[in-house]
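Here's the structure, in structure tokens; my notes come after.
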Amino acid sequence: MTVRTRIAPSPTGDPHVGTAYVALINYCFAKKNGGKFVLRIEDTDRARSTRESEAAILDSLDWMGLSWDEGPDVGGPHGPYRQSERSEIYREHVKKLLDAGNAFKCFCTPQRLEEMRAAQRASKLPSRYDGLCTSLSAEAIAKNEAQGVPYVVRLKVPAEGVCVVHDMKRGAIEIEWSSVDMQVLMKSDGMPTYHLANVVDDHLMEITHVFRGEEWLSSAPKHLLLYKYFGWEPPQLLHLPLLRNPDKSKLSKRKNPTSILFYKALGYLPDALLNFLGLLCVMPPAGEEMMDLALMTDRFTIEHVSLGGPVFDVAKLDWLNGRYIRERNDLDGFLAKVQAWGLDPVRLRRIAALAQPRIERLSDLGPLLAFFFSGRLDVTAEELRSSKLDDAALRKALQLATWGFDALSSWETGEIEAVLKGVAAAVDVKLRDVTRPFYVAITGSATSVPLYDAIEILGRDIVRERLRHALKVLGGVTSSELKEWQK
Ligand code: GLU
């Protein structure tokens, strides 16, 4: 048997450091065992998946040196490797399940499902499909179909008993079938859900081992049931703990930067970031902490993957990154990295064009442009405050802009300006009054080069972090404010 592992990201946002962590484990295990590492894009959620996100995930993993043997860009014998291009395969498999009576068509309207859930909530029952459509007669189904009533296909789940999930590290985990939902496998538009596509693809792509985040453990019974219905051997499963902050809270985009792009923008070196993630799952040689990918692969064993939440300790990352800068680069190598990070000719030209009309001496460049070459800025609440906005409105403006920027599909000045115009309208001041604190938050000064260009050049990740910092120094946002503003 050839060991085959995969990373299966959903391209619905920024490339997450947790994805790199899971990819590293899958990579090391495959390579250590002379196997193959596959990259599959799980873009069944058409509303949230974007090609930009997919490209950013591929670029980031590639930047970190985690290369895949098969994937949407490099192809391979089991393609296509993008789920949106595999609809026909899923349809055939759904048909098999329906024909064998292992799945059923559900014609329940969203309204009925909502009422059912409300009733379950009221009686403190877990939210679960109540099985109404399992008892539809063949005539009723035919009639609904003839009338074009939309339907989803759901998984039939045993009414009682337990499912035993064998996890490579956790051992046998028993989950009551009564707690497992009759999962939607195919949506009314004919698109599969994650669960169906994931199982079908892992089987057809001959995946032997699945190392994935522990948030999928509760889905394992549905997956194992699908393997059984199809008559397939399931892969071995290992559910990995999520990365945590030093205080053990979950690493989450709202609280800390989680995007690989942020760490890249801040000037972390890919080898250092990879090594840092490797220290969370590979035992380094005695007295040494620096490991390249080859050494990590060589030393990788499942035994060292801990089930306690691995801590994403930025102080440690800083220390390791400093060592890579000093110890793994001669001066020319270092210079090349600095140039690639922030001094590439295209970026410099754009920055120069902004500076030229605004300086009297070339030596004005330093203070004017330092913010382009910095990470976080130490701005204070005093500097951020403005006479036109009270603190609550100011925090609201910063929060709305954060959301607005996160939602932008393209990062360019026109769209950035539109977000800030929307923010100004929402807090009921003129655009110019709202831009002042943004100048301070983002450039560190109330007067600088044009704001929208600065935002575009700095990039989403640094900007998000500077807005987060500004919000923090202004006292943060309460959850009731978040709810209120979300409207
Ligand atoms: N698309 C899923 C995710 O992004 C993959 C989960 C799995 O590995 O099965 O988390």
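Counting convention: from 1, in listed order, for ligands and their atoms alike.
The closest approach between A8 and ligand 1 falls below 4.0 Å for a heavy atom of the residue. The shortest separation from a heavy atom of R6 to ligand 1 is under 4.0 Å, placing the residue in contact.
With hydrogens and angles left out, the side-chain atoms of Y90 and D201 include a donor and acceptor closer than 3.5 Å.
Between D271 and R328 no salt bridge is recorded (no basic side-chain N to carboxylate O distance below 4.0 Å). Salt bridge present: E289 and K316 bring a charged side-chain N and a carboxylate O closer than 4.0 Å.
Shown in contact with W216 at under 4.0 Å from a heavy atom are these atoms of ligand 1, numbered in order with element: 2 (C), 3 (C), 6 (C), 10 (O). Remark: ligand 1 atoms within the under-4.0 Å shell around heavy atoms of E42 are 1 (N), 2 (C), 5 (C).
Rounding to the nearest 0.5 Å gives a distance of 10.5 Å between CG of D461 and NZ of K264.
Heavy atoms of N198 found under 4.0 angstrom from ligand 1 belong exclusively to the side chain.
Geometrically, R464 does not engage F262 in a cation-pi contact, judged by NZ or CZ lying under 6.0 Å from the ring centre and within 45° of the ring axis.
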